[in-house]
2 protein chains.
Amino acid sequence: MNEKHGPNPAEGAATVSDKTREALRAAHLYYMQDLTMDAIAHELHTSRSSVSRLLSHARASGLVEISIHSPHDLPSRIEQEILTRFGIVAHVVPVPDHASDVDRLDRVALSAARILGRFVDSNQVIGVAWGSTMSAMSRHLVPKSTHNTEIVQLNGAGNGRTTGIVYASELLRRFGDAFGARVQQFPVPAFFDDPATRRAFWRERSTQRLLDLQAGMDVAIFGLGSPFAEVPSHVYQGGYLDPADYDGLSREGAVGDVATVFYRADGSTDGIALNERATGPDFAVLRRAPRRICVVSGRAKLASLRGALAAHLITDLIVDEGTARALVEH
Amino acid sequence: MNEKHGPNPAEGAATVSDKTREALRAAHLYYMQDLTMDAIAHELHTSRSSVSRLLSHARASGLVEISIHSPHDLPSRIEQEILTRFGIVAHVVPVPDHASDVDRLDRVALSAARILGRFVDSNQVIGVAWGSTMSAMSRHLVPKSTHNTEIVQLNGAGNGRTTGIVYASELLRRFGDAFGARVQQFPVPAFFDDPATRRAFWRERSTQRLLDLQAGMDVAIFGLGSPFAEVPSHVYQGGYLDPADYDGLSREGAVGDVATVFYRADGSTDGIALNERATGPDFAVLRRAPRRICVVSGRAKLASLRGALAAHLITDLIVDEGTARALVEH
DNA sequence: CCCTACCTTGCACGTTTGTGCACGCGGCTT
DNA sequence: AAGCCGCGTGCACAAACGTGCAAGGTAGGG
């Protein structure tokens, strides 16, 4: 309801850098020297609670980075298997089999958000799709300061009448904030009603500028849609598609989509009529990005995932354990 | 009450890798997904205490790595200053000014041990000196598995009648264990009584082999001795040097030593008689190592540090804050 | 086969850490 | 000037965590 903007340039500049400096020192003392927060509070002439908060801040703002290395002599069997079978790097997120789908998605998204920092760097163009997975991720991003990096929206988000999902602009803004990057919105609906409108729009110079950015992406980040799964992705709930569309997709054998562009189990897209109205990048464009990070959770998306792999859309996969296991089981 | 779930009824060799695997999973759940230990215990079908121990193991064995990045737009003033003034990379360890010398040394050593992992890698020869600083470090090393790496003792350690300091062999063994590296002992006293003995010994083929290794070091790690400080380094306490030696050092203007080799404030070593009997590598040899990591704590070693800098012995410095500050103050 | 020594586990307790709340200090508005 | 508002602080309590200890289980040797 309220805007929490407030860089506060007046006295904020000194304060914020001061706080960071203290947080840095607290982090050193806590993580490098194993002091208790009490001891740190004493050294910093403040209270223990403030130290607790300072350390929270240090973690949340990426001053402290916690990474997990599996020893080289003990590689994850599944990740190894995925690498040899599909030629992509997998990050398998451990989630118990009995977890609910929403739990699973949250936990995968949280892990993904924390891994993401490794892929993002200065002077990059980063494409971000839009969906429930990306939305969950956006809430947990660990900031990392970069220069001259741009966040580009990959597909339109249509109007805002969604089911509690944050709007695309909010999502993009979170990515931009986390990395100190400029954000390029793509103010179009998820699907045009008429292919002709799309084509016309695509000829606009402002659209062209954005498409050019997309074509030069260094990193793309996206989830997968799976239109015929028991729990359809949220793109299919917002009223973006009507029964006729579904019939069409079904007839054409579509098994999933990436940023509103649909594909079949073998990765092909030709002849899927709905794609003429979609707003996401053509796969040929998408594949020009050297790193293409896909975040998936839930066995319901297995068919989608297989299709996306067949289409070579993925170079790095972040996936829950159950789905990963199902993927490598023949 | 227990043993409700026996995953591996028959086992033995698998237990250690099993434990690591579990620790890895626990670490993922704890550090990437922010679950509580309780929740993890439930997912792993064990008790909370076991999870606590599992996570301790994960940290202690280097499965989990915690690093601290100061943001690029907020570099530590002191580290920056040292870089421009001396051309070396400094890691300043925050320690309150009122800390005792032993505290200071412990805390710097702890930090240094945790930073060390960044410098160690496979297929390297790593020279390690011997002293109270290195001893303290050795107790906190974070394991990192490497292949074909060797730890080489830089200077002799004499007999074992030391003041509660672990013997050199123990110290070296700890380094070797931490990195899965072979250890090359150097079974000689810290100082020979007679320069001729040293020269003779140096001609031995077994000694030559070790000297060759030293000459090909990739990394050297050492503390600094400061013979004339209020609290002399432990090399000067073990009865290695007698009053005549001290007189000689004093006359020659020695301000410190690296691995038993003494130098003056300007970094020169020529004409310091004691060096003829020392067992550490000549500075010309030492300087062939591309990375030379020096760990220092306490203002008492400031003169030593200045001399070592003048001699260009250091490429990476790990130092407590007070000493760092004193170093850059003119 | 049994015994012993060692290792692992879970429990119980004390310590350490996270967080809602009330207070106090500016700054900004009226 | 007064008052409101936002922010940071410390307190107090609850939650989470670490660890000594004793019970049980395993391996290895007699």
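What you are looking at is a predicted structure, and each value in this text was computed from that prediction instead of being measured. Residue numbers begin at 1 in each chain, while the letters A, B, ... track the order of the sequences.
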Atom-to-atom span, OH of Tyr31(A) to C1' of dT17(C) - whole angstrom: 11 Å
Separation of atom CD1 in Ile40(A) from atom P in dT17(C), rounded to whole Å: 8 Å
Side-chain N or O of Ser56(B) closer than 4.0 Å to phosphate OP1/OP2 of dG18(D): no
Residues Asp34(A) and Arg114(B) bridged, charged N to O under 4.0 Å: yes
Distance, rounded to the nearest Å, where Arg48(B) contributes CZ and dA16(D) contributes P: 10 Å
Atom-to-atom span, CG of Leu44(A) to C1' of dG10(D) - whole angstrom: 15 Å
Nucleotide of dT17(C), dT19(D), dG18(D) approaching Ser49(B) most closely (side-chain heavy atoms): dT19(D)
Contact under 4.0 Å: Tyr30(A) side-chain N or O vs dT17(C) OP1/OP2: yes
Main-chain N/O of Asp121(B) paired with Thr149(B) side-chain donor or acceptor, under 3.5 Å: yes
OP1 or OP2 of dC11(C) under 4.0 Å from side-chain N/O of Arg53(B): no
Atom NE2 of His42(B) with >12 non-hydrogen neighbours under 6.0 angstrom: no
Under 3.5 Å side-chain donor-acceptor pair for Arg59(B) and Tyr31(B): yes
Proximity to the side chain of Ser50(A) - top-ranked nucleotide from dT17(C), dT9(D), dC13(C): dT9(D)
Rounded interatomic separation in angstrom, taking CG from Leu55(A) and C1' from dT16(C): 12 Å
Side-chain N,O (Arg59(B)) to OP1/OP2 (dG18(D)) below 4.0 Å: yes
Spacing between His57(B) atom NE2 and dG18(D) atom P, to the nearest angstrom: 15 Å
Between dT9(D) (P) and Lys19(A) (NZ): distance, integer Å: 8 Å
Interatomic distance where CG belongs to Leu54(B) and C1' belongs to dT19(D) [whole Å]: 16 Å
Under-4.0 Å side-chain N/O to phosphate OP1/OP2 contact, Ser47(A) with dT9(D): no
Flag, side chain of Gln33(B) to backbone of Leu110(A), donor-acceptor distance under 3.5 Å: no
Sugar-phosphate only, base, or nothing, as touched by Thr36(B) at under 4.0 Å among non-hydrogen atoms: sugar-phosphate
